[in-house]
Amino acid sequence: MAAIIRLSVASVAMLLISMTTLRFSPPLLLNWGQDATGHQDVPKPVFKVSLTKPPVSPGLIEPAVKPCLPKEPLIDQATHPKYTKVVVLDRESLYHQGDVLTARVVARDKEGGPKTYGGDFFRARLVSSDRSLQASSAGHVTDHCNGTYTVQFPLYWVGGVSIKIQLVHPSEAVEVLRRLRETPNTKIFYCTFDDSKTKASEKRRCYSSTNPNLPPDQLCDFSKQKVNATWICQKPDKLPCSTIGRCKWDPDQSYKRAEGLVSKKEKILFKKPYLETELELDTKEPIRVLESERATPEHLPLCTGNATDSQASFGYWSGKVWKSSACNVRVFTKEDIRRCLANKTVYMEGDSTIAQWYARLVDVVLLKHITTADAAIGRHKPSNERGEDNQWNISLSYRFHHFPRQGSYWTFFNEARYTADVLDAFQGGPNMVVVLGLWAHFAAEPLDMIRSRLYAIRGAIHRLLRRGPGTRVFVRTGTTREHAKQKMSFYLTGSDWLNYQVTEVIREVFRADPDVVVLDTWDMSVCQWGPDSIHPDKNVVGSQLNIMLSHICPK
């Protein structure tokens, strides 16, 4: 490992002040939508960002070479929001639309002492001080691994703007989350083994990772090497492994186990003030953003192919419409969607966030909805659904991904399908669209699990494209989510830091793949106006779908 780079506060300040003089390269997008009052809003220019270096989306990226954390961070030295300060650099300058506003965060502990290492997880937003405008965008954090951070905010709109930076987790809490995530089988699963003739039934614990503590002769191994999937259950006493029936996740035991792996002292880090606390700025006065001084091109490029640079997800909310700065995202009407998807077969697979996309399309396009799910006892929602529109010849289907599933309802194991296997059964072609979204249920699992699963899916995508050239394939990233009443167990298993790490793996696997379009939804969720929710309102879902549809039908 390379040594940690240590910069003085003065040298960092001089470096960052120079950043604020940079401009965007400014293609203009005229994107019509409706504002919060339901009226047509005035087209606002959106600029393609050109920052000093590829920034990190809000939060933390794990360094590939240098660690930002010591081997054993001290809890007593945890970053404290009361003493951690935010300084806006070059505060007195005139800022114009298309500039980059830069702030510096200096982390300090509860005694006011400066931190000497990084790893804190922040959430950074820029919001319009005029709430009637309802404009917001995400800031992008660079960790200098010495207790200081650069936060850069592209200036997309004219008017007053206010900086919001939240310490989500100090680095010491991040280290706890990292340790828990890399501990295999922290989530508790059970499966039944059922004999239909004798009505005999046994319930056994199952594991999403290998368990070296159990001898092979006491296991039923349902793992599938071809798709890089592991599923192992304790062997029943009297029934054969082939009688496996229904499986489910046990939330209560899973939460209890996660909390049991955290010490009493570490639990302090998952309570206020160390949890999700807004940082104090050096000034509370909004910063005025003036009209751009530079002439701008008329349009952004069309949304075609995969965007391989780190700015693919950049953009901002204006009212209830997301305006991308990467490509020309259209706002689709019901008629536009029907014409775009006419004569197409759309297959969606993933977690409930993809099910929400499916449900929204069914609702908007008024497809005939058909449930083809396996009939499972106690299921809250079906895991396999289909809709069709005979007038426009549209076929739309959705399937929940294979285990590990985090729903507390029973699912028949043998009726679940691995994504790679499903893709291998398709012929594909120009009239087929595949949309995948596997992230939320993998957040608390070791990163190698989702990474290896995605590489198997990537291989299946390439085989599909060889059979059916012209197939359109999309993979969406993760988002922020709600945390119910700040329960510690929810953060230990579903923290936004965990969700962001999975998002980074998705970007890593598919970023440079020209055959897959990564639909990056992270920034959209970081700065959304509504409350955080893994299942946001229809306006957020509609804007997410607009991005996908703009790639299918860019004109």
**Item:** Which residues share a disulfide (SG to SG under 2.5 Å) with C527, sequence neighbours left out
**Value:** none
**Message:** Does this structure show an ion pair linking K187 with E445, if we count only N-O contacts that are shorter than 4.0 Å?
**Reply:** yes
**Fill in**
Output for pair (Y207 OH, I188 CD1), nearest 0.5 Å, gives 7.5 Å
**Message:** Any carboxylate oxygen within less than 4.0 angstrom of a Lys/Arg side-chain nitrogen, looking at D421 and K224?
**Reply:** yes
**Asked** What distance separates T243 OG1 from N414 CG, expressed to the nearest 0.5 Å?
**Response** 9.5 Å
**Request:** Let me know which of T345, L549, L396, V346 forms a side-chain contact (heavy atoms from CB on, under 4.5 Å) with V433.
**Result:** V346
**Prompt:** Taking atom SG of C206 and atom CG of N211, what is their separation to the nearest 0.5 Å?
**Reply:** 11.5 Å
**Request:** Look at atom NZ of K226 and say whether more than 12 heavy atoms of other residues, nucleotides or ligands are closer to it than 6.0 Å.
**Result:** yes
**Complete:** With V141 as partner, the option from V105, V151, T150 fulfilling side-chain contact (heavy atoms from CB on, under 4.5 Å) is V151
**Asked** What distance do K203 atom NZ and R246 atom CZ have between them, rounded to the nearest 0.5 Å?
**Response** 10.0 Å
**Message:** Has Q427 got a side-chain atom pairing as donor or acceptor with R467's backbone, closer than 3.5 angstrom?
**Reply:** yes
**Item:** The single option from F403, F400, F189 passing ring-ring contact (aromatic ring centres under 6.0 Å, His included) against H441
**Value:** F400
**Message:** Testing the 3.5 Å rule here: is there a donor-acceptor pair between the side chains of W317 and S543?
**Reply:** no
**Prompt:** Taking 4.0 angstrom as the limit, do R417 and D424 come out as a salt bridge?
**Reply:** no
**Asked** When you check the side-chain N and O atoms of D513 and H462, is any donor under 3.5 Å from an acceptor?
**Response** yes
**Message:** Could you check whether F442 and H401 have their ring centres less than 6.0 Å apart?
**Reply:** yes
**Request:** Any chance you could measure R178, atom CZ, to L447, atom CG, to the nearest 0.5 Å?
**Result:** 9.5 Å
**Prompt:** Would R451 and E508 pass as an ion pair if we require N to O under 4.0 Å?
**Reply:** yes
**Item:** Short N-O contact, K265 and E172, less than 4.0 angstrom
**Value:** no
**Prompt:** Would you say K271's side chain and K267's backbone share a donor-acceptor pair under 3.5 angstrom?
**Reply:** no
**Request:** Return the set of residues passing side chain to side chain donor-acceptor pair (under 3.5 Å) with S495 (not counting sequence neighbours), or none when no residue passes.
**Result:** H169
